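Okay, structure first, notes after.
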Number of protein chains: 2
Amino acid sequence: MDGATQGGAKAARPLTLYRKVAADLGREISEGAYGSGGRLPAEGELAERYGVSRGTIRQALSVLRANGLVTSRRGTRRVVLRTAHVQSFGELLSFTRWARSMGEEPGGRIVRLDLDRADGTEREQLRLDDGARVCRMLRVRTLSGRPVMVERTVYPEAIGALVAELDADTVSYTVRLEEQGVLFADAQHTLDLVQADKDDAELLGCRPGEPLLRERRRSTDPAGAPIEWSEDRYLPGTVAFTVHSSATSGSLARRPGTPPA
Amino acid sequence: MDGATQGGAKAARPLTLYRKVAADLGREISEGAYGSGGRLPAEGELAERYGVSRGTIRQALSVLRANGLVTSRRGTRRVVLRTAHVQSFGELLSFTRWARSMGEEPGGRIVRLDLDRADGTEREQLRLDDGARVCRMLRVRTLSGRPVMVERTVYPEAIGALVAELDADTVSYTVRLEEQGVLFADAQHTLDLVQADKDDAELLGCRPGEPLLRERRRSTDPAGAPIEWSEDRYLPGTVAFTVHSSATSGSLARRPGTPPA
DNA sequence: GAGTGGTCTAGACCACCGA
DNA sequence: CGGTGGTCTAGACCACTCC
């Protein structure tokens, strides 16, 4: 188990020096080598230990800082903030990989899959021209057979063509798409609360109007082109989202909500 | 309006070169100078334009990338991902600053404020010793007079002493604490869904059992010492949280949920 | 093949923290 | 005051994208 290439995209990122150092330090931290609240060795010491320059060490440490594992401030050695496992981008985007990382058995069933002209919102989210077509998918996702989430995903036509070719009982479309060269590089998420509509209620086995945790997501490839626009609705108590934010690099924000109709 | 020092912590961060460049480029992007999906100038060109080294330009661009504004990949110029305004860490932590940034009038009322021995969870979250004491605060927060959120915050005794000295009608405790030298550097957030208890219902004017969007937050200072542990519960439709995540530096994760009792 | 961003090095100076 | 991380420079080589 390497930890660096693991838990994520099939397209292996190159094992650069700083990534190896970051993975190594991250493992040490999660194993409690420095304790919670403990102090890391100085940059210079690490540079000597790994036989690399200070710049490379700093690049590695900036990864740990971005993941919320350590602080960093002038004058003092870095302090361990958390010893928890850091979830990879792959585990975040793929329900299947997330489920397996918890030791649960993921499942799913496609309820609807069709090709249609994109409406206004879809064109805007996927940055499509007038008259462009999209592939819409409605799926219910299960953990160990128990339905927990309804997923509505919209793909641009080109991606949708790949999706349509896959077996209907494919477990993870995300993984399959990556295998076909569709790389997920960035995603923008919005989290709020909605009421179950009639479809949701039927698929999840709850009453219409029941509250659900909603995640809307727009994923883009390395070139910045939209790959998918998705809306996931989770039953209460099945999931929680965690985020780290810091004064130097925050990615979390609070926005005005839209009343649930 | 400067943009670089604005919208946040009173403790002004030094205006370093790369911060100035990042602020400048960020402003250009939000003004649409490169369009949505457009390409940024090359690093070398920017280095020449600003009269700094390529390293400094790269540091500035990494800020924009962390904020989800631009992509970056080998071989091509950077692409603009979003032109939206980036919310600062200060706006995220302070309900008051967030409200004002939207043009709403923030308000609040302290319902309870007391000093007590910390229980097990509190000791763990605030990293306190056995027998340590904490300050607990229960507040209802309003937007333009309308109650939208119930906030339960726990402070370590030292911070609590500062809190207790403030006027009961203080609008923003976060801002006041920062003025007293308490700096917020990092925060870990967990988002999920709960049902309103009797207190929530009374304070928010809803029925017990009504669904609420919950944000639990643990904030630490630059040294990594816990400052506050807070649980905020929002009425549906009043707020949404947005996060950016990327393959190279993700801070968002999905966790198993806890059933709402 | 030309242009671009990614990685890595070596060194310099400074601001800050804590003893 | 010594040790630490933050900032900035100058240069090198490489992997990749696109024409």
Side-chain angles (χ1 to χ4, degrees), chain A residues 4 11-23 25 34 38-66 70-81 181 183 185-186 221-225 246-249, chain B residues 4 11-23 25 34 38-66 70-81 181 183 185-186 221-225 246-249:
Chain A
R13 265 172 313 189
L15 271 140
T16 57
L17 269 180
Y18 81 87
R19 266 188 246 275
K20 277 186 249 183
V21 174
L25 288 174
Y34 306 102
R39 286 156 68 214
L40 252 53
E43 293 177 356
E45 193 182 323
L46 290 172
E48 200 176 345
R49 175 193 302 181
Y50 287 101
V52 299
S53 79
R54 191 183 157 216
T56 300
I57 292 293
R58 283 182 61 76
Q59 215 171 345
L61 289 170
S62 83
V63 172
L64 302 184
R65 183 184 54 181
V70 299
T71 61
S72 63
R73 82 210 246 244
R74 242 196 288 247
T76 337
R77 291 192 180 182
R78 286 179 171 77
V79 170
V80 175
L81 270 181
L183 295 182
D186 288 88
D221 71 9
S246 76
T248 53
S249 115
Chain B
R13 271 185 315 238
L15 269 119
T16 57
L17 268 180
Y18 81 87
R19 266 189 244 275
K20 277 185 250 182
V21 174
L25 288 174
Y34 306 103
R39 286 154 71 211
L40 253 51
E43 293 178 356
E45 192 183 324
L46 289 173
E48 199 177 346
R49 174 194 302 182
Y50 287 100
V52 299
S53 79
R54 191 183 155 214
T56 300
I57 292 294
R58 283 182 61 78
Q59 214 171 345
L61 289 170
S62 84
V63 172
L64 302 185
R65 183 184 54 182
V70 300
T71 60
S72 62
R73 81 208 246 247
R74 243 196 290 245
T76 38
R77 294 194 178 179
R78 286 178 170 79
V79 169
V80 175
L81 269 181
L183 295 181
D186 288 89
D221 71 10
S246 76
T248 54
S249 115

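Being a predicted model, the structure only gives us computed values, none of them experimental. Convention: sequence-line order gives letters A, B, ...; per-chain numbering from 1.
Phosphate contact (OP1/OP2 of C:dG5, side-chain N/O of B:R58, threshold under 4.0 Å): absent. Remark: A:T56 is not in phosphate contact with C:dT7, judged by side-chain N or O atoms under 4.0 Å from OP1 or OP2. Phosphate contact (OP1/OP2 of C:dG6, side-chain N/O of B:R78, threshold under 4.0 Å): present.
Proximity note for B:S53 (side chain, C-beta onward) versus C:dG6, D:dC18, D:dT9: the nearest is D:dT9. When distances are taken from the side chain of A:E43 to each of C:dT9, D:dT9, D:dG5, the shortest belongs to D:dG5. With D:dC18, D:dT9, D:dG5 as the candidates, the nucleotide lying closest to the side chain of B:R73 is D:dC18. For A:R19, taking side-chain heavy atoms from C-beta onward, the closest of the listed nucleotides C:dC8, C:dT7, D:dC18 is C:dT7. The side chain of A:R54 sits closest to C:dA12 out of C:dG6, C:dA15, C:dA12. The side chain of B:R74 sits closest to D:dC14 out of D:dT4, D:dT9, D:dC14. For A:Q59, the listed nucleotide lying nearest its side chain is C:dC8; candidates were D:dG5, C:dC8, D:dT9. Of the candidates D:dG6, D:dT7, C:dG5, the closest approach to any side-chain atom of B:Y18 belongs to D:dT7.
Two residues are said to be in side-chain contact when any heavy atoms from C-beta on lie closer than 4.5 Å; A:V70 and A:L25 fail this criterion.
For B:L183 and C:dC17, the CG to P distance is 10 Å, given to the nearest whole Å.
Ranked by how close their nearest DNA chain C nucleotide is to the 5' end, B:R39 and A:G75 are led by B:R39. Remark on DNA chain C: of its neighbouring residues B:A223 and B:G44, the 5'-side contact belongs to B:G44, judged by nearest-heavy-atom nucleotide.
Taking CD1 of B:I57 as the start and CZ of B:R49 as the end, the distance is 8.5 Å to the nearest 0.5 Å. Rounding to the nearest 0.5 Å places OG1 of B:T56 at 11.0 Å from CG of B:L61.
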